[in-house]
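Accompanying notes for the structure given below.
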Protein chains: 2
Amino acid sequence: MARPSLPAVICRDCALYHTARVLGLESPDCSQLDAMVIRNRPVARGEALYAAGDPVRYLYLVHSGACILHDGRDPQQVTGFFLPGEIVGFEDLDAEIHGFSAHALQAGSLCLLDLTGLDQLPAERLIGVQRYLLKAAAAHARLLQRERLITGLPSAEQRIAAFLLGLAKRFQAHGLPSNSFRLPMSREEIASYLGLAPETVIRTLKKLAGRGLVSVRARQIQIHDPSALERLLAA
Amino acid sequence: MARPSLPAVICRDCALYHTARVLGLESPDCSQLDAMVIRNRPVARGEALYAAGDPVRYLYLVHSGACILHDGRDPQQVTGFFLPGEIVGFEDLDAEIHGFSAHALQAGSLCLLDLTGLDQLPAERLIGVQRYLLKAAAAHARLLQRERLITGLPSAEQRIAAFLLGLAKRFQAHGLPSNSFRLPMSREEIASYLGLAPETVIRTLKKLAGRGLVSVRARQIQIHDPSALERLLAA
DNA sequence: CGAGATGTTGACGACCCTCAAGTGCAGTGG
DNA sequence: CCACTGCACTTGAGGGTCGTCAACATCTCG
């Protein structure tokens, strides 16, 4: 426990908790999950969940820490970030092998859902699990569409503002503090995600801080005036 | 039939065809779909499939024509395009009301899957339909991740090249000609989608045409040298 | 404590956005 | 059939934003 204060979702807010429920495992503390779900598996900083070319086997729920998704090319281009409570792996769910690569950005823990076990469930439960996974996949699609809007914004300032607001909303959605958080990713990874140069990310953050909208100290972010950030996007 | 040559998927390549199959409706010409699927409903150019705030009821499969997705704000920001064979509506599938708006870009036809009828299916069929929809949602998530890479590219030239290649790949995936096609969207919509100014889209297309990589005549596109376009992205 | 990664700052130039005027095409009505 | 009207598209000039490069500071981890 090097970081006792590492943000983590409680099981109630964990996306797989509901899966556990529909699996017929009602225990709210997630203590009775069977072989299909691997609970709270620790991951080290930088550890790969999967790489492009690996066979597809699991969905990964981030319990604490954070993960990053990128294409397998060179130079790597960042496609997405996953925060506590979110599910990694939908983008390759229908394929035999992975088309993207996913890594842990920090030490943390994941819950894994073994996809190969699904078909052996009794029909009643399978229907519930599938219904839940379909909704989770839809929620993920919605997140991707929303995040897509960010990269399409014309100026670096708008993109950074929208990026911070998006993170805040996602933290909040899973019961984590949303106006004060630690960025799990580097400036360079933010830059790649937003289609900017790392220096532009730095300068834009400083510019927003200079206006009092946010505070930035290393990776620690405080959002002082969310509505002012919102207003930047409308313009 | 004003445009007899309007590109349309044949039912075999239609994403809902497989849904029809798992529904137990094996007819390859889609002639026996029951009340849950509305077949080949015509849509006029500019007609709304749904607007932000509308209740969620259907998934929409594009049979011919094309659709556009955008947020409901002002100015509207384009979030996605949907080509024949692709499914519109996943992003709001888990919600009560729509968070985005979808319109037809051209006159065409759609197949609609009524989501409210799903739960009344017998268990055996429901499992199959859900499994198929989950895979389709995953494929959609993958498409969104891939398209996301495009907007993250640093230069307008790379974004346009990747955009054209992405369209070509998607046409090809559903059995339509991939090196010669008609853009269903305006320059301005492309610009909004890619985070560029419309003028930049025009100039960049002209620049690519000047090098002989593509031909552009109004909305008619011919890709002469796909591998040269690919090479632009690697740099 | 040291070494390497990560972050920061400044100067300069290219790219792209803005604004404005002009062209072509499509659908409409005479 | 042809002019008309509106919209999409095109083209040009100029300025601002952001990318590039290089040097330095700071942080993190072994």
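What you are looking at is a predicted structure, and each value in this text was computed from that prediction instead of being measured. So you know, we letter chains A, B, ... as the sequences are listed, proteins then strands, and number each from 1.
- If you take CD1 of A:Ile190 and C1' of C:dT6, they are 12 Å apart, rounded to a whole angstrom.
- The CD atom of A:Gln106 lies 10.0 Å from the CG atom of A:Leu183; values are rounded to the nearest 0.5 Å.
- How far CD1 of B:Ile190 is from CD1 of B:Ile202: 9.5 Å, rounded to the nearest 0.5 Å.
- Here the P atom of nucleotide C:dT6 and the CD atom of A:Glu188 are 7 Å apart, to the nearest Å.
- Using a 4.0 Å heavy-atom criterion, one finds that A:Arg219 contacts the sugar-phosphate atoms exclusively.
- Under the 30°/60° scheme for interplanar angles, the aromatic rings of A:Phe81 and A:Tyr193 are found to be tilted.
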Would you list the protein and nucleotides 20-27 of chain D atom pairs, both N or O, that sit under 3.5 Å from each other?
unit_1: D:dT20; atom_1: O4; unit_2: A:Arg203; atom_2: NH2; d: 3.1
unit_1: D:dC21; atom_1: N4; unit_2: A:Glu199; atom_2: OE2; d: 2.9

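- The backbone N or O of B:Ser192 sits nowhere less than 3.5 Å from a side-chain atom of B:Gln77 that would complete a donor-acceptor pair.
- Separating the CD1 atom of B:Ile202 from the C1' atom of D:dA13 is a distance of 16 Å, rounded to the nearest angstrom.
- Rounded to an integer number of Å, the gap from CZ of B:Arg187 to P of D:dT11 is 11 Å.
- Atom pair A:Ile160:CD1 and D:dT17:C1' shows a separation of 14 Å (rounding to whole Å applied).
- Summarising the geometry, the separation between CZ on A:Arg159 and P on D:dT17 is reported as 14 Å, rounded to the nearest angstrom.
- In A:Arg219, the CZ atom is crowded: over 12 heavy atoms of neighbouring residues, nucleotides or ligands sit closer than 6.0 Å.
- Remark: B:Leu59 CG to B:Leu49 CG distance equals 11.5 Å, nearest 0.5 Å.
- Over its full length, the helix from C:dC1-D:dG30 to C:dG30-D:dC1 turns its helical axis through 50°, comparing axes from the five pairs at each end and rounding to 10°.
- Here B:Glu91 does not pair with A:Arg148 in a salt bridge; the nearest charged N to carboxylate O distance is not below 4.0 Å.
- For A:Arg182, taking side-chain heavy atoms from C-beta onward, the closest of the listed nucleotides D:dT10, D:dT28, C:dC16 is D:dT28.
- Across the protein-nucleic acid pair, B:Lys207 atom NZ and C:dA14 atom P stand 14 Å apart, rounded to whole Å.
- Distances shorter than 4.0 Å separate some side-chain N or O of B:Lys206 from OP1 or OP2 on D:dT11.
- Using bins of under 30°, 30° to 60° and over 60° for the plane-to-plane angle, the ring pair B:Tyr50/B:His98 lands in the parallel bin.
- In this structure, A:Arg211 places its CZ atom where more than 12 heavy-atom neighbours from other residues, nucleotides or ligands lie under 6.0 Å away.
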